[in-house]
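Heads up: the structure comes next, in structure tokens.
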There are 2 protein chains.
Amino acid sequence: MTVEPLRNEESALPLRERKKLRTRRVLADTALRMFLERGFDETTLDDLVNTVEVSVRTFFRYYSSKEEVAMAAEGELWEAYAAEVARLRISGPVLPRLRDCYANAVRGLSEDWAERYLATRKLAARTPALRVHHAGTTQDLHARLVETLEDELGVDSREDVRLRLIGEMALASVRYGTKNWMRTRGHRGDADDTETLITEVGRAFDALPGALALSPDTLAQSG
Amino acid sequence: MTVEPLRNEESALPLRERKKLRTRRVLADTALRMFLERGFDETTLDDLVNTVEVSVRTFFRYYSSKEEVAMAAEGELWEAYAAEVARLRISGPVLPRLRDCYANAVRGLSEDWAERYLATRKLAARTPALRVHHAGTTQDLHARLVETLEDELGVDSREDVRLRLIGEMALASVRYGTKNWMRTRGHRGDADDTETLITEVGRAFDALPGALALSPDTLAQSG
DNA sequence: GGCATTATGCCAGTCACTGGCAGATTATCC
DNA sequence: GGATAATCTGCCAGTGACTGGCATAATGCC
């Protein structure tokens, strides 16, 4: 297995932990590369683990499915977003805070994340199985967000459906802001990719009131 | 295979078509019953096809996956909803029309649908694989709705993100209205289940503006 | 009744995923 | 620095979802 440089300063960790971290990364990076080159369905897990020189059994100790390793970059984002919302102490309107949390989460990710994320989403766009997986993880994230909001606001989401709805709105904004980001970013990989992503997602958040009131008459004022 | 009565008046169809329709239904009904009794993961496809006395190969000519046959009732709803939106000619605010479409779609479904749907959703609530499948089909439905709205409104959803957002809002309302319906319906199967479902989903639609403006200060006015 | 069409069943195969156990590697304690 | 405990990894054999190809059977049509 090719030894790759560590992304952050986790060199302080014990040898065993560093090795595990590296295996995780090599698996995700190699998987992404192979899936993009040959296609997700056309690449078997055997292909992947042979390339990385790891047994199948070991693979499943790092990732719970072929889909998960493909979407590892998105998983990082979801984790960061959930953590950011968990730290939140709310006063004032909730939705703008959820938007801020997203920005903070993205800014806290590692240097090369944006590039990997863009590649991941491109792969998902052409792979039905990954779109389904994406939908599933998004729903899981929604459940976590709502649970956090329940604790923070002291409201039962079964009693007040608005908690669930606002969670959906936030995640919808994330989803379609990201989609627009992918379109604008095209094929190059700029250094300020993350800031563009944050801007696009912010735009989607801001478009929510307009979407709610959408009618043929209001189509003129776009956004 | 036990011969079940036809649900509607499709007796006019040629024999072959009636048989196919019946096989489809027996598969879905038996699957739902077995999954509820023994659990989704614990019931193999072999168990199912042996019970229905159909070969595995034939099963996959009717349903594309084990998940799909389990969620057949939801599939009927999604089809009806998409068809209803496709018939829509919009003037005035879009969101209330999407709510009406849902009501019309539900009212157009067959007599025993509500009972099967409730059972389906209960099963999905305790089966991770089905929750993922549900998320996936919802996303597919969203794509169809947005496409329809694009045609109807003459707007490109890539240019105006509000189209996508309003689709998400509608489907979120459907999702959480349904969740509340399941809670209120509990275990019995009333005759007016469908109207209660429509009412609950309507409530969720109406809660959207309040969700958008949600803040600790507005928590008092629930719904 | 005969022929074209279409549905079904069987077979053999691929691939994702899993439990259990043996062997290797790393951490820890003296 | 060497023994021991904890952990990680690989191998094996298996299950179960899903598929292509081909022969057979049922149905529709005349």
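As the structure is a prediction and not an experimental result, all values here were calculated from the model. Just so it is clear: chains get the letters A, B, ... in the order the sequence lines come, proteins before strands, and each one is counted from 1.
- Close to C:dT25, at under 4.0 Å from its OP1 or OP2, lies no side-chain N or O of A:K19.
- Nucleotide D:dC18 holds its P atom 14 Å from the CG atom of B:D47, rounded to whole Å.
- Residues passing the salt bridge (charged side-chain N to carboxylate O under 4.0 Å, His left out) test with A:E150, sequence neighbours excluded: none.
- With sequence neighbours excluded, the residues that form a side chain to side chain donor-acceptor pair (under 3.5 Å) with A:D47 are A:T44.
- In the set D:dG16, C:dC17, D:dG10, the nucleotide with an atom closest to the side chain of B:T44 is D:dG16.
- Residues passing the side chain to side chain contact (heavy atoms under 4.5 Å, CB included) test with A:N104, sequence neighbours excluded: A:E84, A:R107.
- Protein atom CD of B:E17 is 18 Å distant from nucleotide atom P of D:dA26, rounded to whole Å.
- A straight line from CZ of A:F40 to C1' of C:dC15 spans 12 Å, rounded to a whole angstrom.
- Qualifying side chain to side chain contact (heavy atoms under 4.5 Å, CB included) partners for B:R97, counting only residues two or more places apart in sequence or in other chains: B:L88, B:S91, B:D100.
- Taking the side chain to side chain donor-acceptor pair (under 3.5 Å) definition, one finds that B:E200 meets it with B:R203, sequence neighbours left out.
- The salt bridge (charged side-chain N to carboxylate O under 4.0 Å, His left out) search around A:E68 returns none, not counting sequence neighbours.
- Atom CG of A:N50 and atom P of D:dG10 are 11 Å apart (whole Å).
- Remark: side-chain polar atoms of B:R24 are paired, donor with acceptor, to backbone N or O of B:Y62 under 3.5 angstrom.
- Between A:L27 atom CG and D:dT9 atom P there is a gap of 10 Å when expressed in whole angstrom units.
- Sorted by residue number, the members of residues 55-66 of chain A with any non-hydrogen atom under 4.0 Å from DNA chain C read A:R57, A:F60, A:S65, A:K66.
- Atom P of nucleotide C:dC15 and atom CZ of A:R38 are separated by 12 Å, given to the nearest angstrom.
- At whole-Å resolution of the value, CG in B:D46 and P in D:dT15 are 12 Å apart.
- At whole-Å resolution of the value, CG in B:D41 and P in D:dT15 are 17 Å apart.
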Protein N or O to nucleotides 5-7 of chain D N or O, pairs below 3.5 Å:
residue	atom	partner	partner atom	Å
D:dT7	O4'	A:R16	NH1	3.2

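- Using a 4.5 Å heavy-atom threshold, the side chains of A:E168 and B:M169 count as separate.
- Evaluation of the side chain to side chain contact (heavy atoms under 4.5 Å, CB included) rule for B:T120 yields B:L32, B:M71, B:A73 as partners, not counting sequence neighbours.
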